[in-house]
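This structure is a prediction, so every number in the text was calculated from the model and none was measured. Just so you know, residue 1 is the first one in the sequence shown, and it goes up from there.
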Amino acid sequence: MPAFALNHMTVAAMGFQPMLDLAQRLGCVGVECRNDLDSDLFDGLSPQSAGEMLRDVGLRLLSLAEIKRFDRLTVDELPAAVELMDAAAEAGAEAVSLIPSNDGEPFDEAAMVVALELLMPHLQQRQLTGLIEPLGFETCGLRFKRLAVDLLESRGWTDQFKIIHDTFHHHVAGETEQFPSNTGLVHLSGVTDCQLALSQMRDPHRVLVGEDDRLGNVTQITELLNSGCSAPLSFEAFAPEIHGATNIEERLQRSMNHIDNLLSLEAA
């Protein structure tokens, strides 16, 4: 079975410890924790205590999310980003997630270079990777993974920064190119509403991956795996129906089995 993981957003109403227990029961390799849920980060536990709880159940903290609008980060905004990086390091996280602006402004390469130069020494000091997640929406300047990869490769920053391949954003952007060697994490979600046009797809439509998936998740995953990508596959569903599901463990297991079965057929 692939290396599955669980983003806390998928079970946003669940506390930190129950989320860890669920991930362990599902056989996940790790979890992603977030600072944008209704509850406090780690349910108010210290990062050190949270890290101990993760290690006690054999889970990796793949990433701590998120530094918002990272592509326009300024010196004045850096302290808040450093605070998140401190928490990530103290909890034993492997990375922090970097989310770009999504306000209709065009891509500003110069501003992003400045932002990454501000972040880099703090990431290096804490032995963290910066995971850049291009958003596929037309309103996002950093819509395409190619923009991020080209910048990182031109600056020689591909060790310090990786990208997140989000199957939803990849599809919404219409991006066909994949970057397996630059990919540090894969986000999985599906869209099943057949009435939605591509331009109408938004986060609340993102459910678990199943038979009616419109995003081509299994095709995307197959191409990544066949190209040598070993990044964990992390479920990140935003739909309220998933957050409120009383049978979420069963549904996640069903989605994992569905993906695994189709991958096995692809490999046969």
Show the nearest heavy-atom pair for residues [X] and [Y], with the distance to one decimal.
X	Y	answer
V209	S255	O-OG, 2.7 Å
L54	R60	CD2-O, 4.3 Å
D213	L215	OD1-N, 3.1 Å
A65	L84	C-CD2, 4.3 Å

Measuring only between side-chain heavy atoms, which start at C-beta, is [X] closer than 4.5 Å to [Y]?
X	Y	value
R126	D86	yes
L208	I248	yes
L151	L116	yes
H8	F42	no
M120	F161	yes
F235	I259	yes

(request) Could you check R34 against E236 for salt bridge (charged side-chain N to carboxylate O under 4.0 Å, His left out), going step by step and ending with a plain yes or no? (result) CA-CA 11 Å; R34 310 179 63 103; E236 187 189 41; 2.9 Å; yes
(message) Assess, by modelled atom type and distance only, whether the side chains of N7 and S234 contain a donor and an acceptor separated by less than 3.5 Å.
(response) no
(request) State whether a side-chain donor-acceptor pair under 3.5 Å links K145 with H170. (result) yes
(message) Connecting only ILVMFWY residues whose side-chain heavy atoms lie within less than 4.5 Å of each other, what is the rest of L37's hydrophobic cluster?
(response) M9, F238
(message) Taking CD in Q124 as the centre, count heavy atoms belonging to other residues, nucleotides or ligands within less than 6.0 Å. Is the count above 12?
(response) yes
(message) Would you say that more than 12 heavy atoms from the other residues, nucleotides or ligands in this model lie under 6.0 Å from the CD of E211, or not?
(response) no
(request) Consider only side-chain heavy atoms of I, L, V, M, F, W and Y, link residues closer than 4.5 Å, and tell whether L263 and F4 are in one cluster. (result) yes
(request) Enter the distance from L73:CG to M112:CE here, rounded to the nearest 0.5 Å. (result) 12.0 Å
(request) Mind checking the SG-CG spacing from C28 to L62? Nearest 0.5 Å is all I need. (result) 9.5 Å
